[in-house]
Number of protein chains: 4
Amino acid sequence: MNIHSVARNPDIAQLLLDSAISLFAERTYEGTQMPAVAQRAQVGVGSIYRYFPGKEALGNAAFQYAKRGLLDRLTEALDEGGPAQSVREEFGRVWLGFTRYAGSRHEAFVFLEHQQHDTFLAPESQALSAEVDRFATDFIERGQRAGEIRDGDPQQLVALAIGAFTGLVKHLRPGGITQLAPDSLAAAEDAVWDLLHRKGAS
Amino acid sequence: MNIHSVARNPDIAQLLLDSAISLFAERTYEGTQMPAVAQRAQVGVGSIYRYFPGKEALGNAAFQYAKRGLLDRLTEALDEGGPAQSVREEFGRVWLGFTRYAGSRHEAFVFLEHQQHDTFLAPESQALSAEVDRFATDFIERGQRAGEIRDGDPQQLVALAIGAFTGLVKHLRPGGITQLAPDSLAAAEDAVWDLLHRKGAS
Amino acid sequence: MNIHSVARNPDIAQLLLDSAISLFAERTYEGTQMPAVAQRAQVGVGSIYRYFPGKEALGNAAFQYAKRGLLDRLTEALDEGGPAQSVREEFGRVWLGFTRYAGSRHEAFVFLEHQQHDTFLAPESQALSAEVDRFATDFIERGQRAGEIRDGDPQQLVALAIGAFTGLVKHLRPGGITQLAPDSLAAAEDAVWDLLHRKGAS
Amino acid sequence: MNIHSVARNPDIAQLLLDSAISLFAERTYEGTQMPAVAQRAQVGVGSIYRYFPGKEALGNAAFQYAKRGLLDRLTEALDEGGPAQSVREEFGRVWLGFTRYAGSRHEAFVFLEHQQHDTFLAPESQALSAEVDRFATDFIERGQRAGEIRDGDPQQLVALAIGAFTGLVKHLRPGGITQLAPDSLAAAEDAVWDLLHRKGAS
DNA sequence: TATGAATGAGGATTCATTCAT
DNA sequence: AATGAATGAATCCTCATTCAT
């Protein structure tokens, strides 16, 4: 440890977040007991409280960590490989972002999708959700201006498309999207694109 | 009721089911307390136990009641107006079934969608879920045989389509799908049809 | 039970208050566990929470109940038998009030005396303490105006006199002042009167 | 320290004792956490356990240190300036002993006064208490034999007199007796002497 | 030697369930 | 038959104590 070492061990905080996320995904926030979180993280119960003030704080931290991770993957994927040449290509990048996140962090994705029940979500957590929504509606609006995405309320289209993706991911439990053959995944991508694509457009 | 009619009052059982469903939809099965269910049903806590052996039984009864209701609506809608003339028409009927159910029983629909977490679901409840799935995959398979629905694993297509519908319904909370203008709903129907429709087909 | 019967059973609340007071007197507020309070009251732990929101509330209710009881006894005793003929007689009545209270509610008296530690005392509780203080300083001031009680800060004299009485009561644990012979008690009364009495006065 | 001097640093032990005493006085033994003691002593929690086997041992050491300090001050004061010429003078010396201790170690005095609750006090600690009591009753008995102190159970008179002094000290919180003007202190001394003094005596 | 992060037994509180009314 | 007060197991959280650094 160097002189800048902090009292809190970031590895343990991370371990706890991961443990919490996977349990919340399996059994619900309310249905998950603190000792279970500790056990899965291979840590004593008391340790949770060195890193988080209580269960609610842990739940929010887990939610924010997961949402932020999704948002980062989406942003990364969108920016990869320079400016997109077409709306379809841009869609492919967004799809890739979702796909990568749901593939590498399946439990986190499932956990996020259950949090319409905001029993415990703090305003800060909800703000992060809004950022992801904004990311998606921005894409839809660009596509609509380019005449490539069908008309209608962008939020509604987002709801349909993300809903379809979520349905796919949940259906593939427990392994998640990783267990899907590449061509099946490509077929799903095409199907969702057709959900958004304006008929009669290029 | 026959001459051996029991002391149980079916209205109260129904009231409790409705109360439980709406609370489970709002706060999760685990996050809902028995006294809260009783209160919303305007009944004493003790009364719940005259109608259901315990919380888990209540949860399963609520789930089964809701799933059965959805299945009934779907079957009804499909059979309405004689044999369908086309896959698209059949899709319209299925869509109508979902739409009617989500419109009239919004909370029940939301509750059902959260029950991927089968912490408490009995095999009987899961069997009912399978029946709804079968209903949907049957439709997909008929459509595929007719060359109207795209190729691929029917269950995966079901997951995408129902996922899309679910996304729409959740997005429209709290009022649910009833607050959607008829043309918006029609647009959503078209979008989901395009998700399923085989390109190049009629 | 009549139609005005309340949901809360006042006997249980009272039982809990008594149980809490005696335990707090024996082991400190902090050193007393909720299950111990329940056990002494012959009640389940959960029942405490039907009557008091939590430990702190129970502690304050116990304190207020005890202080109020003391104040009532003091007021009663002072008003007994018409106007006092002398300061000494008035002192006798005040002494009687203290004596009766400490005799019948020994544990409550001891509990009250420990609450200089206001770790948990709410402003309302402290206000009641102030009322008892006022009662005592009023008496001292009347005595000083009559030339019968020595000069000096009334609060300081109160502190000395009540301190002396408290020392006596604590020393007589566990039975308390009841186990004191009447003439010993009378001797103590005289001694404390001499603590207050102005020398050279009548 | 001799050549076998241990690794223990007596300054730290002392620091811990002082820290413990002041916290126990403020918040009760039970209400004081070990980390709080460590923090006030500017020492790591673990260090407490190098000097004391546990909380109970710390509590007893603190109690004994405080009681011993009081006893030492009393003995010192009594022996100061040769043989006392009168019981009143002897009383003055005892009073001075109490006064000096309560003045210089206010928190310790308050802490001692709360320890009628012997939840944690070991027999050794109680033996020390008995020594202080004996010191005081010896004085009372001498005074009674000299006809200067009123008749009655010496322990009871001790309880009254020490109780009065204690009441005074507590009333003067937080600064304690140091904030009292010299003439007020002298007045209190006279009052307590009158509590003990046999009427009609010289 | 000193530290404070980690631990888990123990304490406060909640809530499914029972049962006397 | 209906009720809701009473119960205590199960939950969240605290804090005395340990031990690796």
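None of the values given here were measured: they were computed from a predicted structure. Quick note on labels: first sequence line is chain A, next is B, and so on, each numbered from 1.
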Under 3.5 Å, is there a donor-acceptor pair between the side chain of B/T32 and the main chain of B/T28? yes
Please report the distance, rounded to the nearest Å, between [atom1] in [X] and [atom2] in [N].
X	N	atom1	atom2	answer
B/Y51	E/dA16	OH	C1'	19 Å
D/I12	E/dT3	CD1	C1'	11 Å
D/E30	E/dG11	CD	P	12 Å
D/R27	F/dC15	CZ	C1'	13 Å
B/L23	E/dA16	CG	P	12 Å
B/D11	F/dA1	CG	C1'	15 Å
B/L16	E/dT17	CG	P	14 Å

By ring-ring contact (aromatic ring centres under 6.0 Å, His included), which residues pair with C/F109, not counting sequence neighbours? C/F165
List in chain and number order the residues that pass ring-ring contact (aromatic ring centres under 6.0 Å, His included) with B/F111, two or more places apart in sequence or in another chain; answer none if no residue qualifies. B/F24
Please report the closest heavy-atom contact between [X] and [Y], naming both atoms and the distance.
X	Y	result
C/A108	C/A66	CB-CB, 4.1 Å
A/F120	A/Q115	CE2-NE2, 3.4 Å
D/V132	D/K67	CG2-CD, 3.8 Å
D/S47	D/L16	O-CD1, 4.5 Å

Can a salt bridge be assigned to the pair A/E26 and A/R40 using a cut-off of 4.0 Å between side-chain N and carboxylate O? yes
With a 4.0 Å cut-off on N to O distance, would you call C/D18 and C/R105 a salt bridge? yes
Neighbour count >12 (heavy atoms, 6.0 Å) for atom CD, D/Q14: yes
Nearest-nucleotide 5' precedence on DNA chain E, C/Y29 against B/G46: C/Y29
Categorize B/I48 for me: base, sugar-phosphate, or nothing, with a 4.0 angstrom heavy-atom threshold over every strand shown. nothing
Which residues pass the side chain to side chain donor-acceptor pair (under 3.5 Å) test with D/E107, sequence neighbours left out? none
Contacts to DNA chain E from residues 52-65 of chain C, heavy-atom cutoff under 4.0 Å, which residues? C/G54, C/K55
Starting at the 5' end of DNA chain F and moving along, which residue's nearest nucleotide shows up first, B/G44 or C/S47? B/G44
When you get a sec, tell me which of E/dT13, F/dA6, E/dG8 is the closest nucleotide to the side chain of C/V45? E/dT13
Expected list for residues 32-43 of chain B near DNA chain F, using heavy atoms below 4.0 Å, is B/V43
Under 4.0 angstrom between C/Y49 side-chain N/O and E/dT14 OP1 or OP2: no
Will you find, in the side chains of B/Y29 and A/E30, an N or O donor that is under 3.5 Å from an N or O acceptor? no
Rounding to the nearest 10°, end axes of the helix from E/dA2-F/dT21 to E/dT21-F/dA2 built from five pairs each make an angle of 0°
